[in-house]
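Here the structure is laid out as structure tokens; the discussion comes afterwards.
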Amino acid sequence: TRRAALTTWILLLLAVATTGPDGAGLPDWVIAAIGGDLQAHEPWVIAHFNLMGVWPLVLTTQAARRWFVRPLWLLPFLVASMAGGAFVLLPALAVVGDTVHPRGQVGRLVQRPVGQAVLALSAVALVGWGLVAGSPAAWWHAWQTDPFLHAMALDSVAVWIASMLLARSEDPEGWTVTLVPLLGTCWWTATRPAQIEATAPL
């Protein structure tokens, strides 16, 4: 996990630095979208932007057994990933590696099927709205011309990889469900056995 996380992080930085369109700073549509304006950009773009708010929540629930591991608590980086995505999560995951600890009461609570179903339905609603109201061609044009969207798209791939790395380290056989972006991670997290124990000391 450490090597894969570090490699993915380096490739993400290189891809953003070498393949993105020119530009700097946050576009106006990002500020508007944060404020809840669904008309700030093309619907596919807005749906994608909001999905990148849901996915870190899914990862935070998935990684409940890594929140307070040593030598580095992963929870602050999971929270920070809601703004910085895999750019901040992957370096921390490279340090934490496969280390886990027993889930506390809060960890069990956030991994319950009901919570994962809410996150999954949120993702389905956003994707459905984007498909119905949006245009793939408009998203593609924005990806080619908007440096923020370009980086966000690459970041979403890296977050997807992070979710697979987390699942694979705990479940070498059942992790493949996380090959399905976001929804697979929700399913994997919701179906973890309640009796699972730590495999590494604190």
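Index from 1, following the sequence. For clarity, every value in this text was computed on a predicted model and none was experimentally measured.
- Remark: the backbone N or O of Thr185 is not paired with any side-chain donor or acceptor of Gln62 at under 3.5 angstrom.
- Using a 4.0 Å cut-off between charged nitrogen and carboxylate oxygen, Arg168 and Glu173 do not count as a salt-bridge pair.
- Here the side chain of Gln116 pairs no donor or acceptor atom with the backbone of Thr189 at under 3.5 angstrom.
- Contact annotation: the side chain of Trp187 never approaches that of Thr178 to less than 4.5 Å [non-hydrogen atoms, C-beta and beyond].
- The shortest non-hydrogen separation linking Trp175 to Leu179 is CZ3-CD2, 4.1 Å.
- Checked options Thr60, Val95, Leu89; the residue passing with Leu74 is Leu89 (criterion: side-chain contact (heavy atoms from CB on, under 4.5 Å)).
- Side-chain atoms of His101 come within 3.5 Å of backbone N or O of Phe68 as a donor-acceptor pair.
- Across Leu182 and Leu51, no two heavy atoms sit closer than the pair CD1-CD2, 4.2 Å.
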### Task
Start with the C-alpha gap between Val159 and Met52, add the side-chain angles, then the distance that decides, and say whether side chain to side chain contact (heavy atoms under 4.5 Å, CB included) holds.
CA-CA 9 Å; Val159 170; Met52 289 307 293; 4.0 Å; yes
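- The closest donor-acceptor contact from the side chain of Asp146 to the backbone of Ala142 lies at 3.5 Å or more, if one exists at all.
- The backbone N or O of Pro181 sits nowhere less than 3.5 Å from a side-chain atom of Trp55 that would complete a donor-acceptor pair.
- For Arg108 (side chain) and Arg103 (main-chain N/O), a donor-acceptor pair under 3.5 Å exists by modelled atom type.
- Contact between Arg66 and Thr99 at its shortest, heavy atoms only, is CG-O, 3.4 Å.
- For the side-chain contact (heavy atoms from CB on, under 4.5 Å) with Trp44, the qualifying choice from Trp143, Trp140, Trp139 is Trp139, the only one to do so.
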### Message
Using the rule given for side-chain hydrogen bond (donor to acceptor under 3.5 Å, both in side chains), can you reason through Ser169 versus Arg2, listing the C-alpha separation, both sets of side-chain angles and the distance that settles it, and then say yes or no?
### Response
CA-CA 10 Å; Ser169 69; Arg2 286 189 173 95; over 6 Å; no
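- Aromatic pair Trp29/Phe49: centroids less than 6.0 angstrom apart.
- Using a distance-only test at 3.5 Å, with no hydrogens or angles considered, no donor-acceptor pair links the side chain of Ser81 to the main chain of Gly84.
- The two atoms that bring Val88 and Phe77 nearest to each other are O-CD2, 3.6 Å, heavy atoms only.
- Between Arg3 and the choices Thr1, Leu6, Thr7, the side-chain contact (heavy atoms from CB on, under 4.5 Å) rule is met once, by Thr7.
- Separation of atoms CG (Leu93) and CG (Leu78) is listed at 8.5 Å; rounding is to 0.5 Å.
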